[in-house]
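To start, the structure itself, in structure tokens.
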Amino acid sequence: MEEIKEMYNLLPHIVCVWIVLNILGNTIKMTFNIPGKYIIWILLPVSVIINFVFFGVNFESFFIGFITFSFSVSSYDLIKYYGKIRNEK
């Protein structure tokens, strides 16, 4: 039960890093005109490094960084493709 409470306490951190990654990804895409397939390889180390800074270098912080990165990329794709589907109608 205590582990669930710890994960629940990490939720605000995960949301903040998710917002930072989405802003950073959009900025990189617009500013440097880098294809989307390379942006994910830039955001993954950034997410892991942010979590290493806040939680130390261990497997748990790496895992949280990967989960945050995955959530960021999947939510961006969900919003992008939902917009495309909505515009087709």
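Keep in mind that the numbers below use all heavy atoms, side chains included, and drop hydrogens, waters and symmetry copies. We're numbering straight along the sequence, starting at 1. In this text, all values refer to a predicted model and were calculated from it rather than measured experimentally.
Checked against side chain to side chain contact (heavy atoms under 4.5 Å, CB included), Ser47 has the following partners two or more places apart in sequence or in another chain: Val17, Leu21, Asn51, Thr68, Phe69. Considering only residues two or more places apart in sequence or on other chains, Asp77 meets the side chain to side chain donor-acceptor pair (under 3.5 Å) condition with none of them.
Put simply, the side chain of Tyr38 does not reach to within 4.5 Å of the side chain of Ile28, judged on heavy atoms.
Between the CD1 atom of Ile64 and the CZ atom of Phe71 there is a distance of 14.5 Å, given to the nearest 0.5 Å. We find the OG-CD1 distance between Ser61 and Ile49 to be 11.5 Å, quoted to the nearest 0.5 Å. To the nearest 0.5 Å, the span separating NZ on Lys29 from CD1 on Ile42 amounts to 12.0 Å.
Nearest heavy-atom pair, Phe62 versus Phe52, reported as atom, atom and distance to 0.1 Å: N-CE2, 3.8 Å. Here the closest heavy-atom approach between residue Glu60 and residue Leu10 is recorded as OE2-CD1, 4.4 Å.
Hydrophobic cluster membership is shared by Leu43 and Phe32, with clusters built from Ile, Leu, Val, Met, Phe, Trp and Tyr side chains linked at under 4.5 angstrom. Cluster annotation: Leu44 and Val57 are assigned to the same hydrophobic cluster (Ile/Leu/Val/Met/Phe/Trp/Tyr, side-chain heavy-atom contacts under 4.5 Å, transitive). With hydrophobic clusters built from ILVMFWY side chains whose heavy atoms lie under 4.5 angstrom apart, Ile19 does not share a cluster with Tyr76. When the side chains of ILVMFWY residues are joined at heavy-atom separations under 4.5 Å, either directly or via intervening members, Val73 and Trp41 end up in a single hydrophobic cluster.
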